[in-house]
Amino acid sequence: MNTLIKAGQILGRGLEQAACRIELKRVGGDGMFWQRQGGPLNAGLWCPKQDWQKLVFAMTGIPDPVNLSSELLPCVSAGMLEGEAPWLLNALEPVPNACGLLPEIYPVLTLTHAEVGDITCVLINWPQEQWQNIVSDWSPFAGSSASLSLSLVAGFALQTSASPQLPAAGGGVWLDGDISVERGEALLWCNGPLAKVTLTQGEQGGKFSLVIDELVVERNLLYTPVIAEIARVTLPISHLGAMMTGDKLEAEVSLNAEVRLCYQDEEENILLGTASLLRSGDELLAQVEILA
């Protein structure tokens, strides 16, 4: 997720140049995959099946790409990329393979061909520093912005091993983060703290907003901490990439019925147990109620 937020800092809601646009979108399904030359096996470019089919038909008159001879594959690949994205053509193996793509958020290029229309090309595990240099002088456009679901946490407990440790039910852990949950404060969390925020809600159960009180400098933690999650918040990646102190962001917020003690990996929160929060002076304790 952090990789997507960093990409959002570069792309915002999208960038464009001539007949090529790039933005962060959720895509997936059946399609074709071109391996990046010199890269790992899962790095390259992916195109949806329907876009590949209409491209093949426009260039060859063959309605089903399955009937396309292997000798013509490099020609069609070149026709897809050479006009709008030659930098991709030079970096890819010329012959694609059929490949399914899991629906996730990726950097997505849209190439507009005069004869074919829009062709979607997805950058898969492509080093950001490489495509970032290409698009650095492109112009912004008001594209769509995919959203991420992040944690709002009351604090976190540092760990001394790769395997998270919690006391038995009834015991507690002191939370770092210097958060006053009583005043609506929380940490916006994505594999680490992003910002200290205050959660507010409009009158009569109106929309929630996050006020960005302070951006948190990225920390290099030896082991993943246990977090005390109090809510989930959904925000556009373009907002996350452009956050500044003092911003007020409307957000979709789902408050937890209980404090969830979680261990967060790159993909999801792993529930370890539930807790209640107890205040002792300036310190905040998460008292374990149930272990998962």
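Heads up: numbering here begins at 1 and tracks the sequence.
Here R260 contributes atom CZ and L272 contributes atom CG; the two are 10.0 Å apart, rounded to the nearest 0.5 Å. Taking CZ of R13 as the reference point, atom NE2 of H239 lies at 7.5 Å (rounded to 0.5 Å). Here Q287 contributes atom CD and T274 contributes atom OG1; the two are 11.0 Å apart, rounded to the nearest 0.5 Å. The CG atom of L92 lies 8.5 Å from the OG atom of S77; values are rounded to the nearest 0.5 Å. Taken from NZ in K25 to CG in L11, the straight-line distance is 13.0 Å, to the nearest 0.5 Å. If you take CG on N97 and CD on Q35, they are separated by 9.0 Å, rounding to the nearest 0.5 Å.
Residues R36 and Q130 have side chains in contact (heavy-atom distance under 4.5 Å, counting atoms from C-beta outward). In this structure the side chain of L285 never reaches within 4.5 angstrom of the side chain of S280, judged on heavy atoms. Residues K207 and Q201 have side chains not in contact (no heavy-atom distance under 4.5 Å, counting atoms from C-beta outward). Counting only heavy atoms from C-beta outward, the side chains of P74 and V95 approach each other to under 4.5 Å. Inter-residue side-chain proximity for N191 and Q264 is flagged as met; some heavy-atom pair is nearer than 4.5 Å. By the 4.5 Å heavy-atom criterion applied to side chains, L109 and C20 are counted as neighbours. Contact annotation: the side chain of L210 approaches that of L199 to within less than 4.5 Å [non-hydrogen atoms, C-beta and beyond]. The side-chain heavy atoms of L240 and L188, taken from C-beta on, include a pair separated by under 4.5 Å.
Side-chain atoms of Q17 do not come within 3.5 Å of backbone N or O of L15 as any donor-acceptor pair. Looking only at distances, a side-chain donor or acceptor of D64 sits under 3.5 Å from a matching main-chain atom of V66. Under the 3.5 Å distance criterion, the side-chain polar atoms of D30 are left unmatched by any main-chain donor or acceptor of K49. Not one N or O on the side chain of D51 forms a donor-acceptor pair closer than 3.5 Å with the backbone of P48. For the pair N67 (side chain) and P63 (backbone), a donor-acceptor distance under 3.5 Å is absent. A side-chain donor-acceptor contact under 3.5 Å links T60 to the backbone of I62.
In this structure, Y106 has its ring center at least 6.0 angstrom away from the ring center of W46. The ring of W138 has its center no closer than 6.0 angstrom to the ring center of W131.
Smallest separation of non-hydrogen atoms from A195 and L215: CB-CD2, 4.0 Å. Between F33 and C99, the shortest heavy-atom contact is CB-CB, 3.6 Å. V173 approaches P167 most closely through the heavy-atom pair CG1-CD, 3.6 Å. Scanning all heavy atoms of the two residues, the minimum distance from I119 to C47 falls at CG2-SG, 4.0 Å. Of all the heavy atoms in L271 and G273, the pair that sits closest is CD1-O, 3.3 Å. For the pair V216 and K196, the tightest heavy-atom approach, listed with the atom from each and the gap, is CG2-N, 3.9 Å.
Two different hydrophobic clusters hold Y223 and L221 under the rule that ILVMFWY side chains link at heavy-atom gaps under 4.5 Å. Neither L101 nor L45 shares a network with the other; the hydrophobic side chains, linked directly or stepwise wherever heavy atoms of I, L, V, M, F, W or Y lie under 4.5 Å apart, form separate groups for each. By the criterion of side-chain heavy atoms lying less than 4.5 angstrom apart, applied directly or through intervening Ile, Leu, Val, Met, Phe, Trp or Tyr residues, I5 is grouped together with V135 in one hydrophobic cluster. Hydrophobic clustering (side-chain heavy atoms under 4.5 Å, transitive across Ile, Leu, Val, Met, Phe, Trp, Tyr) keeps V211 apart from V233. Criterion: ILVMFWY side-chain heavy atoms under 4.5 Å apart, direct or through other members. Under it, L158 and W174 are not part of a common hydrophobic cluster.
Remark: D118 pairs with R21 by the salt bridge (Lys or Arg N to Asp or Glu O under 4.0 Å) rule, at least two apart or across chains. Residues satisfying the side chain to side chain donor-acceptor pair (under 3.5 Å) criterion with Q128, sequence neighbours excluded, are Q132.
Classified by interplanar angle (parallel below 30°, tilted 30° to 60°, perpendicular above 60°), the ring pair W189/F156 is tilted.
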Verdict with reasoning, W52 to W34, per ring pair (Phe, Tyr, Trp, His ring centres under 6.0 Å):
CA-CA 12 Å; W52 175 245; W34 290 259; 5.4 Å; yes
| field | Criterion side-chain hydrogen bond (donor to acceptor under 3.5 Å, both in side chains) on S149 and R232, from CA distance to verdict | value | CA-CA 6 Å; S149 176; R232 299 288 296 179; 3.2 Å; yes
**OP:** Show your reasoning for whether side-chain contact (heavy atoms from CB on, under 4.5 Å) applies to L88 and W126.
**Re:** CA-CA 11 Å; L88 282 173; W126 204 290; 3.6 Å; yes
(Q) Using side-chain contact (heavy atoms from CB on, under 4.5 Å), reason through D265 and T224 one step at a time and then give a plain yes or no. (A) CA-CA 8 Å; D265 65 14; T224 302; over 6 Å; no
Worked check of side-chain contact (heavy atoms from CB on, under 4.5 Å) between I134 and I22: CA-CA 11 Å; I134 301 295; I22 185 170; over 6 Å; no
Could you go through the side-chain contact (heavy atoms from CB on, under 4.5 Å) check for T200 and K248 one step at a time? CA-CA 10 Å; T200 62; K248 187 176 183 179; 4.2 Å; yes
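For E289, the CD atom counts as densely surrounded, since its 6.0 Å shell holds more than 12 non-hydrogen atoms of other residues, nucleotides or ligands. Annotation: E218, atom CD; neighbour count of heavy atoms from other residues, nucleotides and ligands within 6.0 Å does not exceed 12. The number of heavy-atom neighbours closer than 6.0 Å to CG of D178, taken from other residues, nucleotides and ligands shown, is 12 or below.
Pairs of residues two or more places apart, or lying in two chains, never qualify as salt bridge (Lys or Arg N to Asp or Glu O under 4.0 Å) while including a residue from residues 71-93.
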